[in-house]
Amino acid sequence: MTKFTSLIPAFLRDRFKSLNRIILLMLIAIVMTEVYVFFQEGTGNLGASLMSYTVLWSSVASFVVFIRLSMFNENVYQNDSIRLIPASDTKVYLGSLCTTVISFLYFMVVQLVLRIVTTLIAGNSFTDIMGQIVSGSGLNSGQGIAIVLVSLGIVIVAIMMVWTTISLIHLIMLSIDAFLPIGRQRIIRGILYIVISLAIIRLGAAFFNIYGTLMNGLSLGWGAAFSILGVLALVVVVESVVNILLMNKFVETAQ
């Protein structure tokens, strides 16, 4: 049987190649935009425009990265070459999810470095800006770091929950296709679309609440923050267990 640790590098290879292409395109877009601003407005507004357009193109790239990683993750379930690897479905599923998270963290680190570089190029001190943020919120440096770490944890687990939810929907659809006639598939799909739409609305409201909590510096208290983190982690675990069962019992490789 293939070891779990051997699956990680294999899954990461294609994901990193795709992310590096997106990062390269993002950097090209930032440079081309700055060149355009230079010829239109001269050097007077370059620093501010660099930071603004870096945020713009980084946001676009983040959306593309999320979609691309989701596609990689979902491709695992019916990919002949992957499913025929001598490894259990649990290893394959967890290996794919872990590499997706690692890839996203890699992109986040690149984004952070890019923001720091553009901030310095624009003539600002990154440490001064962080100090203003912390002092402006009435927190000391230790509390500021703690909030950043907890916030990062909540964001990562929340994104993992989105991926496990997408996988759950996908695997349910594949299971329906495998066992129900076309007429009943349409009925079940229609019901699922309604349920999914309601679930997305509820998730959206939950994310806005989470975002508000984080932006208020955990004003609801550490207990509320860790409760949010715990609930999200529990959903990820439950959905992952269901996904592995569906993958093992009902989903075959593409013919």
Side-chain angles (χ1 to χ4, degrees), residues 4-5 7-8 10-12 15-16 19 62-63 65-79 82-83 87-109 111 146-176 192-193 195-215 218 220-251:
F4 178 78
T5 53
L7 292 174
I8 302 296
F11 286 152
L12 278 177
R15 287 168 169 80
F16 272 17
L19 290 188
S62 297
F63 178 75
V65 163
F66 178 81
I67 298 299
R68 193 73 184 106
L69 289 178
S70 299
M71 293 172 64
F72 275 113
N73 204 44
E74 299 308 303
N75 182 57
V76 167
Y77 306 133
Q78 286 191 300
N79 187 292
I82 294 176
R83 290 296 300 276
S88 65
D89 289 334
T90 300
K91 288 182 180 179
V92 171
Y93 176 86
L94 293 179
S96 178
L97 183 60
C98 287
T99 51
T100 301
V101 174
I102 292 171
S103 301
F104 191 76
L105 289 174
Y106 163 71
F107 182 74
M108 289 178 66
V109 170
Q111 293 276 58
I147 288 177
V148 169
L149 292 177
V150 173
S151 301
L152 180 62
I154 291 175
V155 169
I156 292 172
V157 177
I159 293 173
M160 287 179 65
M161 188 190 72
V162 174
W163 276 321
T164 57
T165 302
I166 292 172
S167 296
L168 178 61
I169 295 167
H170 184 201
L171 290 169
I172 288 175
M173 294 296 185
L174 292 176
S175 301
I176 290 172
L192 280 175
Y193 287 143
V195 172
I196 290 167
S197 298
L198 294 174
I200 290 174
I201 293 173
R202 294 292 297 175
L203 282 174
F207 283 136
F208 276 117
N209 288 334
I210 293 171
Y211 179 80
T213 300
L214 298 179
M215 292 301 101
L218 300 176
L220 299 181
W222 290 104
F226 284 112
S227 296
I228 292 172
L229 183 60
V231 170
L232 293 175
L234 179 62
V235 173
V236 169
V237 172
V238 171
E239 288 187 339
S240 294
V241 171
V242 175
N243 288 339
I244 292 170
L245 291 175
L246 289 172
M247 185 177 169
N248 181 260
K249 299 295 183 181
F250 302 115
V251 178

Asker: Tell me the closest heavy-atom pair linking V157 and A233, and the distance in Å.
Answerer: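 What the structure gives for the nearest pair is CG1-N, 3.6 Å.
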Asker: Measure the shortest side-chain to side-chain distance between M247 and T90 over non-hydrogen atoms and say whether it is less than 4.5 angstrom.
Answerer: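 Not in contact.
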Asker: If you measure from CD1 on I159 to OG on S70, what distance do you get to the nearest 0.5 Å?
Answerer: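 Going from CD1 on I159 over to OG on S70, the span is 10.0 Å.
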Asker: For the pair F72 and T100, evaluate side-chain contact (heavy atoms from CB on, under 4.5 Å) and give the outcome as yes or no after the intermediate values.
Answerer: CA-CA 8 Å; F72 275 113; T100 301; 5.6 Å; no
Asker: So which heavy atom on K91 is nearest to which on L7, and how close?
Answerer: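 Closest heavy-atom pair between K91 and L7: O-CD1, 3.6 Å.
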Asker: Kindly assign one of parallel, tilted or perpendicular to the pair W163 and F66, based on the angle between their ring planes and the thresholds 30° and 60°.
Answerer: parallel
Asker: For the residue pair S103 and L19, what are the closest heavy atoms and their distance?
Answerer: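 Here S103 and L19 meet closest at O-CD1, 3.2 Å.
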Asker: Without hydrogens or angle criteria, can the side chains of S167 and E239 be said to hold a donor-acceptor pair below 3.5 Å?
Answerer: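 There is no such pair (donor and acceptor under 3.5 Å, judged by atom type) between the side chains of S167 and E239.
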Asker: First locate atom CZ of R15, then atom OG1 of T99, and finally report the distance between them rounded to the nearest 0.5 Å.
Answerer: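 If we round to the nearest 0.5 Å, R15:CZ and T99:OG1 are 3.5 Å apart.
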Asker: If we only count heavy atoms from C-beta on, is the Y93 to T164 side-chain gap below 4.5 Å?
Answerer: yes
Asker: Nearest heavy-atom pair of I172 and L246: which atoms, and what distance?
Answerer: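 Looks like CG1-CD1, 3.9 Å.
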Asker: With no hydrogens and no angle check, do the side chains of N73 and S96 hold a donor and an acceptor under 3.5 Å apart?
Answerer: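 A pair is found: one side chain offers a donor N or O, the other an acceptor, under 3.5 Å apart.
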Asker: If you compare all heavy atoms of G95 against all heavy atoms of I8, which two are closest, and at what distance to 0.1 Å?
Answerer: O-CD1, 3.9 Å
Asker: When rounded to the nearest 0.5 angstrom, what distance separates CG in L69 from CG in L97?
Answerer: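 Reported value, rounded in 0.5 Å steps: 11.0 Å.
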Asker: Nearest 0.5 Å, please: how far is CG in D89 from CG in N243?
Answerer: 11.5 Å
